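Keep in mind that this is a model prediction, so the values were computed, not measured.
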Amino acid sequence: MNRNYLKYMWIAGVSILGLTGCDDYLNRESTSGVNTPDLIWQNSKAITAVLADMYDSGLKLDEFDDWYGSKKANLANQTSLSDEATASYQKESAFDKSNSTYSYGDYVFNDDMVTRYKQIRIVNNFLLNIEKTSVLSEDEKEEIGAEARFIRAMQYFGLVKRYGGVPLQTIPQEYTTGNTQALYQARDTEAATYDFIINECKAIYGSLPEVRNSDAKYRANRGAVLALWSRAALYAGTIAKYSKALTLTGEAVSKGYVYIPETEAERYFDECYTASSKILDEMVPRVYSLYKSTSTDPEELAQNFYNLFSKTVNGDNGEYIFQKQYNVAAGKGHMWDKLNVPFSYRGDGWGCGMSPVLEMVEEFEYIDGTEGKLKMKDSGGKAISYDSPYDIFKNKDPRLLGSVYLPGADYKGYGGGKIEWMRGVINGQDGIGTKYEASAQPDKENKVVIDEQTYNTSGKDGGSLSVGDASKTGFYQRKFLDESLTDYTDIDAKRSSTPWVVFRLAEIYLNRAEACMELNQHLDVALKDINEIRGRAGIKLLTAGDLTLDKVRHERKVELAFEKHRYWDLKRWRLAHLDVSKGGLTNFRGTSLCPYYNVKSGKYTFETGVPEKRKRLFLEKNYYTVFRAEDLSTNPLMTQNPGYGN
């Protein structure tokens with residue numbers, strides 16, 4: 001038995017059998033979804049093992065390997081389906097055929113209801129049985145029960161943000177022969193589902209410790225519960241406030257299974273403020289603090305921000321409130337690095353997965369607080385020449401450099417060198433002259449002879465907007481990439497173990513600031529919270545006159561970039577269906593930054609381009625995921641979501 005696995009509560013599939021020896025029970029549990037009383041409730045270690053398995057199997061998170069349709073080849077996740085990035089691969093099914101439209105699928109990021117409710121039933125059984133067992137003290141029962149209820153609340157949060165209101169079950173249903181009707185259950189309202197999550201958090205947070213010892217540091221603690229309360233309340237408040245912008249109709253709407261009355265918005269924002277304040281006012285800096293550098297150098301601040309999410313720091317940063325840990329040796333790794341490493345650093349294919357778009361890059365302001373639009377031309381419309389492609393990013397928000405691999409940036413991973421993404425060469429200077437552009441994947445023939453000298457028309461990391469699998473925008477995602485990894489071969493080996501952040505302190509600052517702005521109260525608190533984030537980043541602080549709701553949303557976008565928040569934020573703000581010109585996803589395709597090497601001057605000029613990707617179409621019905629036919633047929637009381645029929 002390897003007791004060290006106990007600290008990796010997510011690695012239960014490997015550790016539980018060694019911990020308990022109850023493999024027959026666990027095999028039954030994995031297929032039946034029913035906790036049986038034999039042996040388990042007579043052994044405290046076995047009970048802990050069941051809890052560990054509930055963490056491992058019962059917490060489905062929007063993490064590294066969470067792909068739409070569970071197909072990594074699609075490269076469709078909450079980053080590439082937001083306005084932060086597009087997927088790189090030439091033939092990946094979500095974004096090929098650039099003259100076509102990509103419609104968000106009916107089942108985009110759906111959760112299998114059968115699996116979700118199986119896990120909820122396991123929790124409900126667990127809660128019943130720990131009340132009956134005599135091998136745990138009352139204090140142990142309270143704490144372990146609170147953990148189980150947190151897992152169940154997380155399950156319902158995963159459901160409600162996708163489907164709206166769902167049937168709430170807190171006790172395991174029992175089947176009586178011939179009486180299937182007793183198992184039918186109508187949906188609870190969307191408001192009731194959010195209320196359940198919030199009320200569970202309010203009931204249990206005091207039963208969990210603020211800090212756990214090293215053997216249990218990845219189990220839920222008080223901060224994790226408060227963070228869920230904060231996030232769920234913010235989601236509910238914005239859904240209540242902004243759903244009036246939609247025109248969806250039908251039974252699910254009229255019965256409140258989707259939509260929350262606007263009159264409830266203030267209550268939810270108050271709940272978000274309360275939960276966030278319990279962390280920020282009572283636990284900072286005693287328990288949590290922003291991961292900061294004492295340096296004022298932009299490059300060092302950028303490295304500090306990258307380190308926050310790095311494998312080297314491995315979540316031990318004081319800022320992570322709740323995280324998912326991985327262990328490659330135990331068979332619980334992920335494939336993020338293999339899917340996302342820049343083109344020239346790949347092992348045996350894949351890589352290049354997420355291509356941040358120019359629009360996202362320009363969301364990052366300059367250090368002096370001016371808007372982040374890159375300076376490609378002077379006031380007279382003449383192309384500005386730069387010694388290096390990297391120079392155009394001088395004085396940008398250091399978080400950009402920590403989150404995105406930019407053309408010309410140093411690559412600090414295995415192999416070193418620089419990121420080389422170049423659209424082509426110009427036989428001239430200042431952007432004027434004959435243009436020769438990359439037309440193939442960077443490891444293919446991209447050469448031109450000018451005055452008897454041979455030039456590459458692409459960099460080693462890309463340059464084409466349409467061909468091959470390298471980035472089509474000029475950028476790669478740096479945040480979360482493990483720069484200490486040396487082996488990028490064999491995608492199914494899952495060699496990556498960088499932890500996934502579920503809740504971190506910066507989000508709580510942003511949650512509270514947003515709630516304050518929505519309430520039009522505590523504006524001094526909102527300003528302080530936003531400036532905590534900006535101060536850590538090393539950019540100009542805001543004044544009271546600068547502070548608006550749009551500013552808070554903007555800060556959220558750049559601080560939490562690529563952490564799988566943006567897609568859900570656009571949905572809860574009811575912006576996703578709007579045209580891209582109005583902040584939505586419809587007609588979004590993204591823009592590329594195109595550096596050109598000017599032969600006559602030896603300098604670089606920049607233009608923009610359009611990657612050959614489909615335009616998006618996000619329909620109002622996509623705010624809620626469709627229920628599958630089997631979900632409806634096995635429960636006749638269920639009502640389909642609007643826009644999908646019955």
Tell me if a side-chain donor or acceptor on [X] pairs with a main-chain N or O of [Y] at a distance below 3.5 Å.
X    : Y    : value
D111 : M113 : no
D281 : K278 : no
Y194 : G164 : no
R212 : A220 : yes
K338 : A493 : no
D65  : M335 : yes
S276 : Y273 : no
R222 : L208 : yes

Taking the six-membered ring for Trp, are the ring centroids of [X] and [Y] within less than 6.0 Å of each other?
X    : Y    : answer
F64  : W500 : yes
F627 : Y163 : yes
Y156 : F196 : yes

Which pair of non-hydrogen atoms, one from [X] and one from [Y], has the smallest distance, and what is that distance?
X    : Y    : answer
V135 : E140 : O-OE1, 4.2 Å
Q640 : A252 : O-CB, 3.5 Å
L81  : Y567 : O-CD1, 3.7 Å

Query - Aromatic Y488 / basic R495 pairing, under 6.0 angstrom, 45° off normal - result: no
Report task. Give a yes/no verdict on a cation-pi contact between K132 and W41, requiring under 6.0 Å between NZ or CZ and the six-membered ring centre and an angle within 45° of the axis. Result -> no
Query raised in the report: With respect to H577, which candidate in Y104, F618, Y623 satisfies the ring pair (Phe, Tyr, Trp, His ring centres under 6.0 Å) definition?
Result: Y623
Query raised in the report: Could you go step by step and tell me if D482 and S484 meet the side-chain hydrogen bond (donor to acceptor under 3.5 Å, both in side chains) rule?
Result: CA-CA 5 Å; D482 180 6; S484 69; 2.5 Å; yes
Report task. Can you establish whether the number of heavy atoms outside E266 located under 6.0 Å from its atom CD is more than 12? Result -> no
Query raised in the report: What do the steps show when you test Q119 against K60 for side-chain contact (heavy atoms from CB on, under 4.5 Å), and what is the final call?
Result: CA-CA 10 Å; Q119 296 299 331; K60 186 176 185 300; over 6 Å; no
Query - Passing option when R162 is tested against W568, F157, Y624 for side chain to side chain contact (heavy atoms under 4.5 Å, CB included) - result: W568
